[in-house]
Asks: 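Quick one: the structure is below, and I'll ask about it shortly.
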Amino acid sequence: MDNISLIPINKKDEKHIEDLYHLLRKRKHNISNLSLPTLNEHRDFVLNHPYRFWYLVKKSHSLVGSVYLNYENVIGLNLFSSEKNVFTKTIKLIIKLHDPLPPIKSVRSKNFVINVNPNNETLINALKSINFIHIQNTYLLEVNQSRIENF
């Protein structure tokens, strides 16, 4: 049976920065990165990361992704696997290791939430299988679109 392990990101470790960049370049289901940053831009982000906790995810001894927990109780997953159990085991491990922060009205839920690209069927199925509830759909209007042309 394959084990999932979480390795805390060491922002002073160049190998961790490179592993995260490699994962970012492989990503199929983007939410926040609409264009790939340069390695130097990525390094600056890692050095100043806004996350409570950030991990590399390994299955047995192979790198399969990364996961973070931010200050809004959002769990961010970047996993490269078609196996639902890799997603469920990673999510369960994060929830076992960390509690959500207390709620702040209009800022932070008392619960963990996970944002999902609607094309990421493996993650959606994994979340359903461990009783996550679908609570919203979010839409994006790109900043570079002309308001006059679209309205």
Side-chain angles (χ1 to χ4, degrees), residues 1-103 107-143:
M1 181 183 224
D2 294 314
N3 291 324
I4 298 297
S5 59
L6 302 178
I7 293 85
I9 295 296
N10 178 350
K11 57 187 174 183
K12 295 179 183 178
D13 185 336
E14 188 63 26
K15 177 76 168 105
H16 282 196
I17 292 170
E18 290 172 4
D19 285 345
L20 288 167
Y21 192 68
H22 172 73
L23 293 168
L24 185 60
R25 291 181 64 167
K26 284 178 56 174
R27 188 180 293 179
K28 291 181 187 176
H29 302 292
N30 288 307
I31 293 176
S32 59
N33 269 324
L34 299 178
S35 64
L36 184 67
T38 66
L39 178 57
N40 283 335
E41 290 168 336
H42 175 72
R43 184 178 291 107
D44 288 342
F45 179 82
V46 173
L47 292 173
N48 298 293
H49 73 81
Y51 304 134
R52 284 177 59 203
F53 303 99
W54 198 4
Y55 302 94
L56 293 171
V57 179
K58 290 195 174 182
K59 176 183 170 189
S60 296
H61 299 288
S62 298
L63 182 65
V64 295
S66 66
V67 61
Y68 66 80
L69 179 57
N70 73 16
Y71 291 93
E72 288 77 38
N73 291 334
V74 173
I75 299 170
L77 292 157
N78 180 26
L79 300 176
F80 296 96
S81 177
S82 58
E83 299 174 47
K84 183 174 79 171
N85 71 328
V86 171
F87 286 83
T88 57
K89 286 180 181 182
T90 302
I91 294 163
K92 287 178 177 181
L93 191 51
I94 284 289
I95 292 169
K96 182 178 178 181
L97 291 172
H98 304 290
D99 292 322
L101 293 172
V107 175
R108 177 172 62 216
S109 170
K110 68 179 181 178
N111 303 302
F112 286 124
V113 295
I114 297 177
N115 295 314
V116 183
N117 181 300
N119 297 316
N120 193 341
E121 293 179 20
T122 305
L123 177 54
I124 291 168
N125 290 331
L127 293 171
K128 288 178 181 177
S129 76
I130 55 175
N131 299 320
F132 272 70
I133 301 165
H134 180 200
I135 59 169
Q136 75 179 37
N137 293 323
T138 304
Y139 296 86
L140 171 77
L141 176 63
E142 292 183 0
V143 175

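Note that the numbering runs from 1 along the sequence shown for the chain. Note that the structure is a prediction, hence the values are computed from the model and not measured.
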Asks: By the definition side-chain contact (heavy atoms from CB on, under 4.5 Å), identify the one residue from T90, L69, I94 that meets it with Y55.
Replies: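 Filter result, single survivor: I94.
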Asks: Tell me if a side-chain donor or acceptor on N120 pairs with a main-chain N or O of V116 at a distance below 3.5 Å.
Replies: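 No: the side chain of N120 does not pair with the backbone of V116.
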Asks: Do R108 side-chain atoms and P102 backbone N/O form a donor-acceptor pair below 3.5 Å?
Replies: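 At least one qualifying donor-acceptor pair exists.
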Asks: Taking atom CG of L47 as the centre, does the number of heavy atoms from other residues, nucleotides or ligands within less than 6.0 Å exceed 12?
Replies: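 Count over threshold, so yes.
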Asks: For W54 and Y51, take the angle between the two ring planes, folded into 0 to 90°, and tell me which bin it lands in: parallel under 30, tilted 30 to 60, perpendicular over 60.
Replies: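 The rings of W54 and Y51 stand perpendicular, inter-plane angle above 60°.
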Asks: What is the distance from atom CG of L6 to atom NZ of K96, rounded to the nearest 0.5 Å?
Replies: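 Separation between the atoms: 11.0 Å.
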Asks: Is any side-chain heavy atom of F132 closer than 4.5 Å to one of I124?
Replies: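 I124 does not reach F132 side chain to side chain.
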Asks: To the nearest 0.5 Å, what is the distance between CZ (R43) and OG1 (T38)?
Replies: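 Between atom CZ of R43 and atom OG1 of T38 there are 8.5 Å.
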Asks: For a quick test of reading the model, state the closest non-hydrogen atom pair linking S81 to V86 and the distance between them.
Replies: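 So the minimum-distance heavy-atom pair works out to OG-CG2, 3.5 Å.
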Asks: Indicate yes or no for a side-chain donor-acceptor contact from H98 to the backbone of P100 under 3.5 Å, with no hydrogens or angles considered.
Replies: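 Absent.
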Asks: Has the side chain of N73 got a donor or acceptor atom that lies under 3.5 Å from a matching backbone atom of S109?
Replies: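 Looks like yes, one N/O pair under 3.5 Å.
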Asks: At what distance, to the nearest 0.5 angstrom, does CD1 of I95 lie from CD1 of I130?
Replies: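 The CD1 atom of I95 sits 6.0 Å away from the CD1 atom of I130.
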Asks: Write down the atom of S5, the atom of S60, and the distance for their closest heavy-atom approach.
Replies: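 Answer, listing the atom of S5 first, then S60: OG-O, 4.4 Å.
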Asks: Considering all heavy atoms of both residues, which atom of F87 and which atom of A126 are nearest to each other, and what is their separation?
Replies: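 Of all heavy-atom pairs spanning F87 and A126, the closest is CB-CB, 3.6 Å.
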Asks: Do K89 and K59 have side-chain heavy atoms sitting under 4.5 Å apart?
Replies: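 With C-beta onward as the side chain, the pair stays apart.
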Asks: Nearest 0.5 Å please: distance from the CG atom of N78 over to the CG atom of L24.
Replies: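 N78 CG to L24 CG: 7.0 Å, rounded to 0.5 Å.
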Asks: side-chain contact (heavy atoms from CB on, under 4.5 Å) with L23: which of L56, V64, L79?
Replies: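 Only one option passes, and that is L56.
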Asks: If every non-hydrogen atom of S66 is compared with every non-hydrogen atom of L20, which pair is closest and at what distance?
Replies: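 Heavy-atom minimum between the residues: CB-CD2, 3.8 Å.
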Asks: Atom CD1 of I91 and atom CD1 of I4: how far apart are they, to the nearest 0.5 Å?
Replies: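 These two atoms lie 11.0 Å from each other.
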Asks: Please find the pair of heavy atoms, one from F112 and one from D99, that lie closest to each other, and give the distance.
Replies: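 F112 and D99 have their closest heavy atoms at CZ-C, 3.5 Å.
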Asks: Kindly indicate whether the side chain of I9, heavy atoms from C-beta on, has any atom under 4.5 Å from the side chain of Y68.
Replies: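 No, every pair of side-chain atoms sits at 4.5 Å or beyond.
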Asks: Does some side-chain heavy atom of R52 sit less than 4.5 Å from a side-chain heavy atom of N70?
Replies: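 Contact flag for N70/R52 side chains = no.
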Asks: Keeping H16 on the side-chain end and N10 on the backbone end, is there a donor-acceptor pair under 3.5 Å?
Replies: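 Flag set: sc H16 to bb N10 pair under 3.5 Å.
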Asks: Is it true that a side-chain atom of Y71 and a backbone atom of L101 form a donor plus acceptor pair closer than 3.5 Å?
Replies: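 No.
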Asks: About how many Å separate CD1 of I114 and CG of L127, when rounded to the nearest 0.5 Å?
Replies: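 Between L127 CG and I114 CD1, I get 4.5 Å after rounding to 0.5 Å.
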